[in-house]
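Data block below; observations after.
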Protein chains: 2
Amino acid sequence: MTLDREQVLRSAAALLTRKSTATMDEVARAAGIGRATLHRHFAGRDALVRALEELGIQEFEAALDAARLDEDTSEEGLRRLIAAVEPSAGLLSFLVNENQLFEGDEVNEGWNRADARVAAFFRRGQERGEFRIDLTPAWLTEALYGLVGTGAWAVQAGRVAAQDFPYMIVELLLGGARRSVEQ
Amino acid sequence: MTLDREQVLRSAAALLTRKSTATMDEVARAAGIGRATLHRHFAGRDALVRALEELGIQEFEAALDAARLDEDTSEEGLRRLIAAVEPSAGLLSFLVNENQLFEGDEVNEGWNRADARVAAFFRRGQERGEFRIDLTPAWLTEALYGLVGTGAWAVQAGRVAAQDFPYMIVELLLGGARRSVEQ
DNA sequence: CCCACTTGAGACAAAATCGTCTCATCGCCA
DNA sequence: TGGCGATGAGACGATTTTGTCTCAAGTGGG
């Protein structure tokens with residue numbers, strides 16, 4: 001009975017998304033395994049979080065690839081990115097919060113890579129005249145993370161229908177709340 | 001030497017905003033008092049967090065009052081709200097995250113009051129034709145919280161200049177990232 | 001000036017969590 | 001079928017945090 005490491009990580013992500021302070025015991029029970037087994041595969045809580053970080057980065061970079069940010073318009077690229085990132089939204093939200101705890105000492109370079117890609121996407125959109133230039137790429141990047149996390153939370157709390165997740169995020173991020181004259 | 005309860009709460013808020021897992025000892029030292037004194041004024045960590053919750057709700061409702069959301073256009077009201085909420089952004093962000101841990105069992109009704117006011121503000125803006133109707137008031141409310149928290153974090157992490165905080169949030173929330181034809 | 005009140009520092013036990021270990025059990029493969 | 005490897009359950013000690021208590025020191029008001 002080989003333990004499904006991926007499955008364990010996914011249930012841990014699902015639990016920690018809801019309750020970021022869950023204990024190792026809770027994580028183990030959520031995965032349907034014993035605490036000893038959890039420790040056999042992840043040396044400790046740090047190792048578990050780091051494994052989740054690897055998974056999250058991997059999923060996020062896969063989403064960045066799948067979004068084909070260079071093709072079509074920036075708007076279409078952003079729509080594809082949000083849609084591709086949706087399944088990982090909860091995990092990414094957890095990891096973003098977790099990273100805020102670190103003193104910036106040792107952030108996984110994967111985040112820097114991903115950040116750079118997202119920021120470059122916004123900068124390219126600005127250069128193309130598709131995005132406003134008065135909002136910095138760094139802020140747009142952070143705002144994207146924040147809205148994805150907020151969206152995941154809103155869906156989980158039942159404040160937003162799951163099917164509306166991509167639409168709500170993309171529309172707000174692209175067009176804002178103001179009712180513009182053009183539509 | 002009467003202990004300045006307000007001052008203690010503010011330094012606790014400042015610390016917990018950066019490190020939400022700070023211990024009672026760290027909170028006490030950050031406030032420049034002994035741990036025993038901290039316990040004399042707040043029975044425990046829960047009591048401290050609840051006191052911070054009261055403070056945060058009070059500040060948020062004060063910001064809602066100061067923003068005079070009924071006057072002028074919705075856009076001006078939102079600008080005033082974000083500006084008024086800026087000093088409390090870190091604390092509110094901490095409390096929002098903290099509330100996500102609760103199982104919805106006993107949320108302070110103050111949040112419901114505040115939520116209702118914000119959602120009503122967006123709904124009113126929609127009825128006036130100033131806000132889009134395809135984004136629900138509930139989502140706009142959550143997005144506002146999320147962006148305020150993200151903004152506070154971005155400023156603290158040095159990714160956004162503190163002076164740009166209100167502008168970045170309001171502009172993104174109102175107009176989005178898309179460069180519209182009208183400007 | 002003196003006393004009552006508050007504080008800071010530290011000791012102390014209780015509780016929570018962690019990490020490790022043992023042992024019995026179970027499934028799978030040779 | 002027999003043995004090997006992995007698992008679950010739980011015991012155990014170590015560590016961290018918490019909450020309480022004591023005691024000496026200091027401050028301010030009467």
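A note on names: the letters A, B, ... follow the listed sequences, proteins ahead of strands, and every chain is numbered from 1.
- Residue A:His41 places at least one side-chain N or O under 4.0 Å from the OP1 or OP2 atom of D:dT7.
- Rounded to whole Å, atom P of D:dT17 lies 16 Å from atom CG of B:Leu48.
- Under the 4.0 Å criterion applied to side-chain N and carboxylate O atoms, A:Glu26 and A:Lys19 are assigned as salt-bridge partners.
- Of the candidate nucleotides C:dC18, D:dT17, D:dA9, D:dA9 has the atom lying nearest to any side-chain atom of A:Arg40.
- Nearest-nucleotide mapping onto DNA chain C: of A:Ala43 and A:Thr21, the residue sitting toward the 5' end is A:Thr21.
- Comment: A:Arg178 engages B:Glu75 in a salt bridge, judged by a side-chain N to carboxylate O separation of less than 4.0 angstrom.
- With distances taken from any side-chain atom of B:Ile33 to the nucleotides D:dT20, C:dG19, C:dG8, the minimum falls on C:dG8.
- Looking at heavy-atom distances under 4.0 Å, B:Arg35 makes contact with a base.
- Atom CG of A:Asp46 and atom P of D:dT16 are 13 Å apart (whole Å).
- Summarising the geometry, atom CD1 belonging to A:Ile169 is positioned 11.5 Å from atom CG belonging to B:Leu135; distances are rounded to the nearest 0.5 Å.
- Nucleotide D:dT17 holds its P atom 14 Å from the CG atom of B:Leu16, rounded to whole Å.
- What separates CG of B:Asp25 from C1' of C:dA9 is a distance of 11 Å, to the nearest Å.
- One finds a side-chain N or O of B:Arg45 lying less than 4.0 angstrom from the OP1 or OP2 phosphate oxygen of D:dT18.
- The distance from atom CE of B:Met24 to atom P of C:dA16 is 16 Å, rounded to the nearest whole Å.
- Residue A:Ala36 places its side chain closer to D:dG8 than to any other of C:dG10, D:dT18, D:dG8.
- Rounding to whole angstrom units, CD of residue A:Glu26 and C1' of C:dA16 are separated by 11 Å.
- One can place NE2 of B:His39 at 17 Å from P of C:dG10, the figure rounded to the nearest angstrom.
- The interatomic distance linking A:Leu38 (CG) with C:dT17 (P) rounds to 15 Å, in whole Å.
- Ranking D:dT17, C:dC18, D:dT7 by closeness to the B:Thr23 side chain, first place goes to D:dT17.
- Distance alone, capped at 3.5 Å, places no donor-acceptor pair between the B:Thr37 side chain and the B:Ile33 backbone.
- Note on B:Arg132 versus A:Glu171: salt bridge recorded, some NZ/NE/NH1/NH2 to OD/OE distance being below 4.0 Å.
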